[in-house]
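Here the structure is laid out as structure tokens; the discussion comes afterwards.
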Protein chains: 2
Amino acid sequence: MTSTSRRLPGNRATILDVAAAAGVSRQTVTRAMNDMPGIRQETRERVQELARELGYTPSRFAKGLVQGSRTSVGLSIPDLTNPYYPAFASSVVELATQRGWHVVMDDYGHGGATGVQSVEHLAPQVDAVIGYLGDAEGEAQAVLGRRPLVVLDQMTGSAWGRIRFDYDHAARRALDYLLAAGRRQLVYLDAGKNGLPSGPQLTTGRSADPVDRAVSTRGQAFARAAAAAEIPLTIIMSPESAAGARRATQSVLTDRPGIDAIIAFNDLMAAGALKGVADSGRTVPMDCAVMGMDGIPLGELLSPELTTLSLDLREVGRAAVELLDGLLSGAITPGGQGSELVLCHRLIVRQSA
Amino acid sequence: MTSTSRRLPGNRATILDVAAAAGVSRQTVTRAMNDMPGIRQETRERVQELARELGYTPSRFAKGLVQGSRTSVGLSIPDLTNPYYPAFASSVVELATQRGWHVVMDDYGHGGATGVQSVEHLAPQVDAVIGYLGDAEGEAQAVLGRRPLVVLDQMTGSAWGRIRFDYDHAARRALDYLLAAGRRQLVYLDAGKNGLPSGPQLTTGRSADPVDRAVSTRGQAFARAAAAAEIPLTIIMSPESAAGARRATQSVLTDRPGIDAIIAFNDLMAAGALKGVADSGRTVPMDCAVMGMDGIPLGELLSPELTTLSLDLREVGRAAVELLDGLLSGAITPGGQGSELVLCHRLIVRQSA
DNA sequence: AAACCCTTCGTGAACGTTCACGAACTCGTA
DNA sequence: TACGAGTTCGTGAACGTTCACGAAGGGTTT
């Protein structure tokens, strides 16, 4: 009658409590709860009713232990408040759900953690990780051992899967367009590595000059493209935020009044640049063009609407999930065919450039 | 020497494989992996090295079964691509992580699922759920049994925790402001219940008229406030998107040229309304004011910058997590003190109204 | 009445880990 | 030598569930 078995945290009942209450065995309760055959309809309903009354919910641990894990994947994101990431995350969650996976989310930027720390936090709970981890922060793959890691926008490290973006292609595309439009005094508004604002410092890339180490991967691609086209490009650093970009734009337009085009690290900073140009009394795109990078929906809502190097973020998410799927199933091997994908940006011309 | 134990999915080794390889017992491997005392330093390092080589990672199921669950909470979100939700989710993830919780994320809108289906998907994997589930969709709390559910912006249902918003307060605040600014022909741009676009249908709320059932909770609050102030308010329906709001704004401005203020269901739709007003050749705010609701960062980037009824989304997240914390610890009981919170919007006056 | 099948239910075993306890060994001291 | 204390390691049990198999009972056929 009375069960002596202990309760789960939250005073939850175990399968034995239900079995005792119903006067049946564990197995019968299992059959009732999982809609398995081999049980009388009346018994099934009685057990289910009792389970509901006792607040019984099967332990995911016991279930997972015996049945083999439903795969659950970690998703490491540096900053959900940057509209770029939710669009990506949304796609990942949708496709993962389609596959019956669960997604354990970590937004590590606000807590001041690094990408590797995020993976460490996720590791005990997941079978794989997809993430934007940032560059050169130690070995995230090692933390996961044999479990697959798919990283995005990362050059270094030994992740099993890797999705990169062809910034050289994007930079050429952007510069060709701006030069054809007659722009000559170009500025690249950079966010700096690791998002660390290193102050509004100035660098110039011409010919094949080595570019400052602090310049981001994207910035370096633009520097290379500018060198190849033999035109000067001013790179200025700014915090990775709209407000920071706005201030940086104001100050660079004061220092160098002749500037007629600004390329921003991402769309969010481009939005700030738009404001900054307006602050200086100029109009976009007549006096100064502004070009973003990302292609987030925000760009269409701004005025003037943002011209940008766009990535289809749902496609990026799809690529990441499919790559992970391949790694989990063994269809793709860590170093092998398809373990590294390169995606290209598409230039979307709207009003700002 | 050779272990006969099977491998986990992904060919992962078990603790017995490591023990056999190192020539020690399970318990010694446990001690080595968890930095427990009572083991020789040399042994510890040898075991750890071997574990690394074999790609051993402890089963979270076995560990959870014996140690009791690390709590993991589900987060149900209807649409991550609406900037409102990431800001909230970011806050929840950050605070949950601080508490050592894991967050299993579900973005159910894109898959065409409902809030309850989302909870059903999450249920086997989590100890509690926080979510925007939408109104009147059946019983999500029943799915979770004894596990706490905290819902936001939901009137019906028997969730243990509930966070509501005082839309009547917000509506009064907005109308007072607009009327004081001399606005007389007001439009409420509604998103309709469940986000279902029911076509640009027109309703008028005056005196204490019963308002169309299709009108959202927010819309009804504005209708009540308008009735109390004895001014007419036109409610029009639109799909819950910037593009939809833009079209709806264009058409309503054509139908009723005298309109001098538009209040939108949320900031995203307000951004669309901004565009729609411009399309019609009018300027904001001179010819027509536009007011949003949410207070997402996007508003500051628009031009004109968006006047809005703002919610501090990090506060909302904090409220949800703390409420859940109370429910998990037993400090708050389902029907009791503190199980229902009401938060107020703050009017942020910028340029658009 | 014996043989068989079908339905309904129960019993050991196993999943991989940690906990509680005890055994073996080392070292120093009475 | 014998004893005790400390260090290092191993063995049963337990966590809650499902799987594989077998048992009991009723009905039909041979």
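In what follows, every heavy atom counts, from backbone to side chain, and hydrogens, waters and symmetry copies are set aside.
Here A/Q27 lies in heavy-atom contact (under 4.0 Å) with a base. A/M36 comes within 4.0 angstrom of the backbone, heavy atoms only, and of no base.
Nearest-nucleotide assignment on DNA chain C puts the 5′-proximal partner with A/G23, out of B/I15 and A/G23. Mapping B/R40 and B/L65 onto DNA chain D via the closest heavy atom, the residue that lands nearer the 5' end is B/R40.
Closest heavy-atom contact between A/S72 and B/R60: OG-NH2, 3.4 Å.
Residue B/T43 places none of its side-chain N or O atoms closer than 4.0 Å to OP1 or OP2 of D/dT8. A sub-4.0 Å separation between OP1 or OP2 of D/dG16 and a side-chain N or O of A/S59 is absent. For B/K63 and C/dT18, the shortest distance from a side-chain N or O to OP1 or OP2 is below 4.0 Å. OP1 or OP2 of C/dG10 lies within a sub-4.0 Å distance of a side-chain N or O belonging to A/T28. Applying the 4.0 Å criterion to OP1 and OP2 of D/dT17, one finds that A/T30 has every side-chain N and O outside that range.
Taking the six-membered ring wherever Trp is involved, the centroid distance between the rings of B/Y108 and B/Y132 does not fall below 6.0 Å.
Whole-Å rounding puts the B/I39 CD1 to C/dC25 P distance at 18 Å. Rounded to an integer number of Å, the gap from B/R44 CZ to D/dT7 P is 14 Å. Regarding A/D35, its CG atom lies at a distance of 12 Å from the P atom of D/dT18, rounded to whole Å. Rounded to an integer number of Å, the gap from CE of B/M33 to C1' of C/dT17 is 12 Å. The CD atom of B/Q67 sits 18 Å away from the P atom of D/dA14 (whole-angstrom rounding). In this structure, B/F61 atom CZ and C/dT18 atom C1' are separated by 17 Å, rounded to whole Å.
Taking 3.5 Å as the limit, the base of D/dG12 and the side chain of B/R26 contain a donor-acceptor pair of atoms between them. Interface remark: the A/R31 side chain does form a donor-acceptor pair with the C/dG10 base, using a distance-only criterion of under 3.5 Å.
Put simply, the side chain of B/T43 reaches to within 4.5 Å of the side chain of B/R46, judged on heavy atoms. Taking the side chain as every heavy atom from C-beta outward, B/I130 and B/F88 approach each other to under 4.5 Å.
Between A/E315 and A/R318 a salt bridge is recorded (basic side-chain N to carboxylate O distance below 4.0 Å).
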